[in-house]
Amino acid sequence: MDERAPIVLTKIVVLLFLFPLCQLGSEFKIQSAAELSGYYPTSPLGTVNVSRLPNEEVEAFNKIVLSLELVPVFRMKETSCDEDQFLSSIFIGCTESDNNNERHINNITMESARLTGKIPEYVADLTYLEKLDLSNNKLSGSIPDELGDLSNLTILDLSQNRLTGNIPSSLGKLKNLRELSLFQNLLSGNIPASLGSLSSLTILRLWANILSGPIPAELGNLTQLRRLALDENGLTGKAPPELGKLSNLRHLGISSNNIIGELPKEYDNLRNLEIFAVCGNSLSGAIPRYIANWKNLSVLDLIGNDFKGELPQEIFNMSNLEILRVANLKNPGLAFPISANLTSIFTLILRDCNITGVIPSYISDWSSQSLKNLDLSFNDLSGGIPDGFKQASLYKLFLTGNMLNGTFPTWIYKTVEVLGDISYNNFTFPDELQMDLGYNNPKNATDLHQTKINIEPRNKTFDQEIMQKHCNREKPKYHSLFINAGAEEITIERNRYEADNSTSNFYVSPEYNWAYSCSGHFLRGFTNSSDFVAKQKCGVFFNAKDASLHSKARLCPQSLTYYGFCLHEGSYNVTLHFSEIIFSKDEDLSSPGRRVFDIYIQDKLELKDFNIKEDAKGADETLTKNFTVNVTNNLLKIKLLWNGKGSQYRNTYLHGPLISAISVTSNFKVGGKSKIWIMEMALASVALGLLLLVLMWRMGWIGDRELHVNRVMLRGQSYTLKQVKDATRNFSRKNEIGKGRYGIVYKAELPDDQIVAVKKLSPEFNKVIDQLATEVYALKKLENENVVELFDGFSKGDLHLLIYRIYGKRITPTSFIRTEFRSETGMANETDFGLAKIYDEVDPYSFIQTYGKQAYMAPEYWMRKAITEAVDVFSFGIVLLEIVSGQSNATSYENHESTFLLNTAFVEHRRKRLFALVDKNISISDDGMKQAIDILELAMKCVDQSPTLRPTMIEVASELEKISNVNTSQDESVPRLVVQFV
């Protein structure tokens, strides 16, 4: 076929189409896009009438655009109304032409146009303006009073910006105004009573600002009003009875304010209501029965108030009701009605209403029809979950904190699609759902969907179960607790704040000394458990401590409970750390948000309606609350509870308790000595040690000259540093006789044949100067035949020396044949025993932390008891434990006793399982194991709490010789320790 054929056919078709149009002649009109929009007429001949905008309107509009900072800049012309003005984000409308062929701007719509400027007062020059929509931008500044001069205005929408200041009372002059939308700004001050003069108004939306004062009674004059939204402000006073005159009202929202008192009886007249939202206030009295007269009602939100009495049963027969939310209803007990007809219900929340009895089967029937979200948590419901829910398809199911029992229905995992919580009940669980305490993932769970329903803790006595399993009531372990809520582990002022950054609903610490439980769900928005750990959005804390403890926090939608286990009984100081790091940004309009919750400690209400920002005087400000509480039964319980008060509609929607850190310290004596005494002794030791160091240090630089000038005293004889250095053969490796903490020990033969041991500390010694001070102090104070005598010391620049007596034949070098550890010199070991921990009288094996390496010296040293040879026996016992176990006495700066080797040894000894301490990294025969256990038994005798019950060093040496000679083996893996004492 010829390639031109399709073109010819196309031309024929076009001509056939145009031919009948030509027959219409003068009757055919060419309509422009603007004409199709109805903004200006055309002539019968198909030509467009040229109309013009007044020059003053053109100039005013162009100045307005510059002030609003519209990008790209759009400039109006006198003929612009005759052109298409549909840009990507703005629309400019004009009136019809008048007799003078003039047109006027009557519509400025710049919704979501990324405006960042301010609203100028010369908007009032556009006197024909009927609609001004600048919503969803980033405009700042105030609303000009001059807007009240736009007498033709019918729609004013300035919502979702960052406008500040008061609402101009001049807006009350806009008699033609039908819609006023100023929501989601930062407007403050009172609602002008003049707004009650807007007789044509049908929509008034002021929610999510910072408005204060009472709701004006004059708003009751707005008889045409259909929607009134005043939620999320700081409004006070009572709900005005005058609002009962608004018979055309469809939506009444005053949620999340500070409204008090009872709901007025005049509201019975609001028979056309479809939405009634008063949640998050302090309304009191009974829930009115007249609510059931609102036949068209679809949303009834009463959560977060102080209502008392029953929930009127007539409400359960409101067939159009889609959302019913009630919580914290105070009453002696109520039951579900025998029958109900909420056939349209989508969300049903009846939380903490003291409902008794069983879950009615008709609720499960609703779940197969319209019900998608069900929350009956924290009531007194009993029985099981109705089988009717098997056929349901729920988004959320919350039955937390009831008394439900029977076998846990595994089909619930198929029923719930998004989120559920059935913890704190009395179900029995099948074997396939057995769980490890502290984890939110069932063992043997084959599908990830099983983890979407939280079932831990399974009952209300789980705390007792943990303590029974992991605590000894007669010898409780802990007298303090530090938790960095929502964040990683950190040490502040020598207190280790444990990590608390899990995102599960339930968590038990690895040491079983604390746990938390989080229940509830965020009512709005799209959130998940990752929101349980909150991070600071903006703002700066002014010191490192604040940043470490407050830049992150733990968040929980409703009920957050911390448990402290195994605590000594007595009085404690509980400090709770807070900072509002979520409702903090002007950019996302969350900064006006209010977080309000209650604080319970030991089940006692300590703070009601606690508001972090209000107490801290702003967002990102730190705040601590201190409480003195008594711990009984070794259990501390801290509960933060959100009852629905405060913000719910703010951006982020993350309501509920928020906490940054917890610190718990005892107010009683620890280990027989008060904490003040311990601090005084510690400070005195450091001070004396530092004083000794100062005396040891010599002024000036060390060089050949100073080696000849600076001298040390040994047994009454004076020696220069040069003589000491030469005596070690310039610290030759051939003179090395051992290694201690932070240095090497050398044998030194002085000119008069006097032999001493010189310990040369490494350059890193500067980091541990406090430890040297305490070591020098301890060894100088102790006069004991089993502790080496310190003669003198020197410290200058990078040269740090300690000079000891060497024992010669009194203690021969000990040797321990194994794969990893080698104890070269008895002298080196004994000089490195360090300082002892303070004993706890209840549990002698529970030590209090000191900074640096962990100690070996017996507890009686710091308890001011008689210092005898038994001190050395205790220290040597710990060395034996380290040798056989291959472990260090303490591997980190831990707060809690379970981290020390001596604790572990005590537990295993009590269980008669000392074999569990033997180093796992070496292979060992049966004879070798017997010898290792014998050594461990000897070590346990050495570390007995009572000095009088410890063996002497001679007896220890004798016992070690017996152990090494009995059941000897040629197997080199057998640990053998030969110690000879003269």
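Keep in mind that this is a model prediction, so the values were computed, not measured.
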What distance separates Leu917 CG from Ile935 CD1, expressed to the nearest 0.5 Å? 12.5 Å
Are any of the side-chain nitrogens in Arg729 or Glu749 under 4.0 Å away from the carboxylate oxygens of its partner? no
Can you give me the closest heavy-atom contact between Ile744 and Gly738, atom names plus distance? CG2-O, 3.6 Å
Heavy-atom donor-acceptor pair, Ser480 side chain to Val664 backbone, under 3.5 Å: no
Are Glu937 and Lys912 ion-paired here, with the side-chain N under 4.0 Å from a carboxylate O? no
Could you tell me which non-hydrogen atom of Ser888 sits nearest to which non-hydrogen atom of Leu901, and how far apart they are? O-CB, 3.6 Å
Looking at the rings of Tyr478 and Phe565, which for Trp means the six-membered one, are their centres under 6.0 Å apart? no
Identify, with sequence neighbours excluded, every residue that meets ring pair (Phe, Tyr, Trp, His ring centres under 6.0 Å) alongside Tyr746. Phe731
Gap between atom CZ of Arg494 and atom CZ of Phe482 - 0.5 Å precision: 13.5 Å
Sequence neighbours left out, what passes side chain to side chain contact (heavy atoms under 4.5 Å, CB included) with Ser946? Give chain and number order. Asp944, Thr948, Leu949
Name all residues meeting the side chain to side chain contact (heavy atoms under 4.5 Å, CB included) criterion together with Thr952; count only those two or more places apart in sequence or in a different chain, and write none if there are none. Glu869, Ile954, Glu955
Stepwise salt bridge (charged side-chain N to carboxylate O under 4.0 Å, His left out) check, Glu959 with Lys941: CA-CA 11 Å; Glu959 185 66 22; Lys941 294 178 182 178; 5.8 Å; no
Has Glu498 got a side-chain atom pairing as donor or acceptor with Glu489's backbone, closer than 3.5 angstrom? no
Set of side-chain hydrogen bond (donor to acceptor under 3.5 Å, both in side chains) partners for Thr728, sequence neighbours left out: none
Who passes side-chain hydrogen bond (donor to acceptor under 3.5 Å, both in side chains) against Asn501, sequence neighbours left out? none
By side-chain hydrogen bond (donor to acceptor under 3.5 Å, both in side chains), which residues pair with Asn484, not counting sequence neighbours? none
Residues Tyr497 and Ile492: closest non-hydrogen pair is CE1-CB, 4.1 Å
Using modelled atom types and a 3.5 Å cut-off, is there a donor and acceptor pairing between side-chain atoms of Arg950 and backbone atoms of Ala870? yes
Residues in side chain to side chain contact (heavy atoms under 4.5 Å, CB included) contact with Phe915, at least two apart in sequence or another chain: Arg913, Met929, Ile933
Scanning both residues in full, the closest heavy-atom pair of Cys566 with Met467 reads N-SD, 3.7 Å
Test of understanding: with disulfide bond (SG atoms under 2.5 Å apart), list the residues that count as partners of Cys942, not counting sequence neighbours. none
Could you pull out all residues at least two apart from Lys747 that satisfy side-chain hydrogen bond (donor to acceptor under 3.5 Å, both in side chains)? none
Residue set satisfying side chain to side chain contact (heavy atoms under 4.5 Å, CB included) with Gln754, at least two apart, ordered chain then number -> Leu714, Arg715, Tyr719, Leu750, Asp752, Val756
Mind checking what makes salt bridge (charged side-chain N to carboxylate O under 4.0 Å, His left out) contact with Glu736, not counting sequence neighbours? none
Reported SG-to-CG distance for the pair Cys471 and Leu567, which is rounded to 0.5 angstrom: 8.5 Å
Looking at Leu549 and Ala661, what are the two nearest heavy atoms and their distance? CD2-CB, 4.0 Å
Let me confirm one number: the NE2-CG distance from His568 to Asn634, rounded to the nearest 0.5 Å. 8.5 Å
